[in-house]
Each structure stands twice: as structure tokens, then as C-alpha cells.
Amino acid sequence: MQPITELVLASHNAGKLKELQAMLGKDIRVRPVSDFSAIEPEETGLSFIENAILKARHAARVSGLPALADDSGLAVAALGGAPGIYSARYADGQGDAANNAKLLAALQGLPDAERDAQFVCTLALLRHAEDPLPILCEGLWHGRILHAPRGEQGFGYDPLFWVPERDCSSAELPAAEKNRISHRAKAMEILRRRLGIA
Ligand SMILES: O=c1nc[nH]c2c1ncn2[C@H]1C[C@H](O)[C@@H](COP(=O)(O)OP(=O)(O)OP(=O)(O)O)O1
Ligand SMILES: [Mg+2]
């Protein structure tokens with residue numbers, strides 16, 4: 001396989017872009033898809049990986065570059081895996097604070113033992129828009145949903161996600177530490193191996 005030296009990151013999420021850039025930027029020249037197009041493709045897939053592929057395909061098409069997409073979310077056991085692939089749209093597009101408030105309300109009164117959750121990250125890398133064999137990677141990060149937000153780092157659901165192996169919320173982890181142990185870090189480790197830049 002031809003080595004990849006430049007790629008487009010198929011995300012419009014600033015927090016995610018920052019993490020992906022920090023994880024890849026030293027080895028590969030990365031550019032956000034917003035350099036090429038402001039259009040966000042509709043995430044019509046029924047799985048993380050389908051949505052990752054359709055975002056990467058769109059970015060490859062508008063940029064002419066290899067494209068990496070991340071489709072991720074939070075799966076809460078007590079909610080049957082919700083919000084899952086709908087994590088970004090959980091509170092109907094009103095943003096992170098509304099998503100977090102809705103999640104806290106949905107779990108109100110549940111004890112810690114019933115608040116298990118995992119972050120899911122899927123990555124899809126397409127060498128070009130018609131790539132018939134995308135590189136697909138996934139990473140999971142187990143934790144628990146807090147009763148109130150904690151911490152200022154990160155983005156999305158980080159203030160509500162308790163990280164048992166560090167005894168803090170994921171919004172209390174320094175960025176470099178989150179980037180070593182998160183769902184995204186685990187998926188990225190697999191990708192790096194596949195690309196031969198491990
Ligand atoms: O490390 C994380 N820490 C906190 N929250 C996270 C994380 N990783 C994903 N999440 C949440 C954010 C969003 O509610 C959803 C992803 O939705 P997802 O569609 O993949 O991304 P998005 O719409 O924000 O940006 P884009 O699709 O342009 O990449 O999961
Ligand atoms: Mg999205």
C-alpha cells in the first residue's frame with residue numbers, strides 16, 4: 001500500500017478534530033474537511049461504522065484526498081445503549097449542554113451500580129471516494145455516568161463520564177492523558193498499526 005502522507009479529517013466537531021490532530025499530526029499532514037466544504041452529510045446509517053464510512057466518503061469526494069472519519073458516541077447500559085449513534089442529536093440538535101442535561105434526567109435516581117456506560121469510537125479511512133476496502137477501526141472505553149458534571153476539559157459528554165481507572169471524570173483528565181486511554185486513542189492505535197506508523 002502506498003504510504004499516506006496527507007489526509008482530510010471528515011469532522012466538523014472542534015473537540016474531536018483537536019484530539020485526532022494531536023494523535024496523527026506528527027506523522028501525517030491533516031486538514032479539516034471544512035477547508036473544502038461546509039456541507040455536513042446526513043448521518044443516515046444505522047451503525048457507527050456506516051456513518052463513519054459515509055462521512056469519510058463525502059470528505060474524500062470534496063477534497064480529492066484520502067479521508068478519515070470518526071463516528072462516535074456514548075452507549076448507556078440502563079438506556080439499552082442509547083443515545084448511541086444518536087449521541088450528537090440526543091437533545092434534537094441543541095448541543096452538548098442540552099444532551100448532558102437530558103442524559104442526567106434520563107438516569108435520575110439510578111444508583112452508581114446501574115450507571116455503566118461506554119464510549120464508542122469507530123474510524124473509517126478511505127483512500128479515495130470509491131475505495132472498495134476502507135480501513136475500519138474501533139475502540140471502546142468503559143466508565144459510568146456521574147450524577148452531576150465535573151471538569152472543564154474535553155467536549156461532549158466528558159463532564160458526565162467517570163473514568164474508573166483514573167478516579168476522575170474524563171473532563172478532568174489532561175488532554176494528553178485522555179488521548180492515551182480513550183475510545184478514540186484505542187481506535188487510533190489500531191489505525192496506526194494498519195498504516196504502519198505505530
Ligand atoms: O471523547 C468524547 N468525549 C465526549 N463526548 C464524545 C466523545 N466522543 C464522542 N462524543 C460524543 C459527542 C457527540 O455527542 C457524539 C459524537 O457524534 P458524531 O456524529 O460522531 O460527531 P459530531 O456530530 O459531533 O461531529 P462529526 O460527525 O462532524 O465528526 O458523541
Ligand atoms: Mg455527526
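Throughout, numbering of the chain's residues begins at 1 and tracks the sequence.
Connection of Val76 to Tyr86 is not established within any shared hydrophobic cluster, with ILVMFWY side chains joined at heavy-atom distances below 4.5 Å, either directly or through further cluster members. Residues Val33 and Leu65 are members of one and the same hydrophobic cluster, defined by side-chain heavy-atom contacts under 4.5 angstrom among Ile, Leu, Val, Met, Phe, Trp and Tyr. Follow the hydrophobic side-chain contacts under 4.5 Å out from Leu140 and you never reach Ile49; the two are in separate clusters. Both Ile4 and Leu123 sit in one connected hydrophobic cluster of ILVMFWY residues. Membership requires side-chain heavy atoms under 4.5 Å apart, directly or through other members. In the hydrophobic clustering of ILVMFWY residues, with side-chain heavy atoms under 4.5 Å counting as a link, Leu7 and Leu191 come out together.
Atom CD of Glu42 is surrounded by 12 or fewer heavy atoms from other residues, nucleotides or ligands within 6.0 Å. Atom NZ of Lys18 has 12 or fewer neighbouring heavy atoms from other residues, nucleotides or ligands inside a 6.0 Å radius.
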Test log, rule side chain to side chain contact (heavy atoms under 4.5 Å, CB included), inputs Arg89 and Glu43: CA-CA 10 Å; Arg89 301 166 261 172; Glu43 298 182 25; 3.8 Å; yes
Side chain to side chain contact (heavy atoms under 4.5 Å, CB included) between His58 and Ser37, intermediate numbers included: CA-CA 10 Å; His58 174 261; Ser37 169; 4.1 Å; yes
Asp112 vs His147, side chain to side chain contact (heavy atoms under 4.5 Å, CB included): CA-CA, chis, key distance, verdict: CA-CA 9 Å; Asp112 286 351; His147 296 265; 2.8 Å; yes
Audit row: Asp116, His142, side chain to side chain contact (heavy atoms under 4.5 Å, CB included) steps and yes/no: CA-CA 8 Å; Asp116 282 2; His142 295 276; over 6 Å; no
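The CD1 atom of Ile85 lies 9.5 Å from the OG1 atom of Thr44; values are rounded to the nearest 0.5 Å. Note: Glu138 CD to Ile190 CD1 = 7.0 Å, rounded to the nearest 0.5 Å. Here Phe155 contributes atom CZ and Leu17 contributes atom CG; the two are 9.5 Å apart, rounded to the nearest 0.5 Å. Distance CG/Asn179 to CG/Leu20: 8.5 Å, rounded to 0.5 Å. Expressed to the nearest 0.5 Å, how far CD1 of Ile145 lies from CG of Leu160 amounts to 6.5 Å. The structure places CD1 of Ile197 at 10.5 Å from NZ of Lys26, a figure rounded to the nearest 0.5 Å.
Heavy-atom minimum distance, Leu136 versus Ala124: CD2-CB, 3.8 Å. Nearest approach of Leu110 to Ala78, heavy atoms of both residues: CD1-CB, 3.7 Å. When all heavy atoms of Ser170 and Asp158 are compared, the pair lying nearest together is OG-OD1, 2.5 Å. Across all non-hydrogen atoms, the minimal contact from Lys55 to Ala69 is CB-CB, 3.8 Å. When all heavy atoms of Leu54 and Pro41 are compared, the closest pair comes out as CD1-CB, 4.1 Å. In terms of heavy-atom proximity, Ala187 sits nearest to Gly139 at CB-N, 3.6 Å.
Side chains of Arg166 and Leu173 form a contact here, defined as non-hydrogen atoms less than 4.5 Å apart. Side-chain contact check for Arg31 versus Arg29: some heavy-atom pair is nearer than 4.5 Å. No side-chain heavy atom of Asn99 sits under 4.5 Å from any side-chain heavy atom of Gln94. By the 4.5 Å heavy-atom criterion applied to side chains, Asp167 and Trp162 are counted as neighbours. Between Arg127 and Ile135 there is a side-chain heavy-atom pair separated by less than 4.5 Å. The shortest side-chain heavy-atom distance between Ile181 and Val163 falls under the 4.5 Å cut-off. Within the 4.5 Å cutoff, the side chain of Ser11 has no heavy atoms near those of the Asp70 side chain. You'll find the side chain of Ile28 stays beyond 4.5 Å of the side chain of Thr5, heavy atoms only.
Using a cut-off of 4.0 Å between Lys/Arg side-chain N and Asp/Glu carboxylate O, Glu177 and Arg180 are scored as salt-bridged. Note on Asp131 versus Arg57: no salt bridge recorded, every NZ/NE/NH1/NH2 to OD/OE distance being 4.0 Å or above.
With hydrogens and angles disregarded, no donor-acceptor distance shorter than 3.5 Å links the side chain of Ser63 to the backbone of Val8. Here the side chain of Glu50 pairs a donor or acceptor atom with the backbone of Ser47 at under 3.5 angstrom. With hydrogens and angles disregarded, a donor-acceptor distance shorter than 3.5 Å links the side chain of Ser87 to the backbone of Leu74. The closest donor-acceptor contact from the side chain of Asn51 to the backbone of Gly45 lies under 3.5 Å. When atom types are taken as modelled, the side chain of Arg150 and the backbone of Cys168 share no donor-acceptor pair closer than 3.5 angstrom.
The list of ring pair (Phe, Tyr, Trp, His ring centres under 6.0 Å) pairs with a residue in residues 109-141, not counting sequence neighbours, reads Phe119-Phe161, Phe119-His183, Trp141-Phe161, Trp141-His183.
Between Ser72 and Arg184, the side chains place a donor N or O and an acceptor N or O closer than 3.5 Å (distance only, hydrogens not considered).
Partners of Ala60 under the side-chain contact (heavy atoms from CB on, under 4.5 Å) rule, at least two apart in sequence or in another chain, are Ala67, Ala129.
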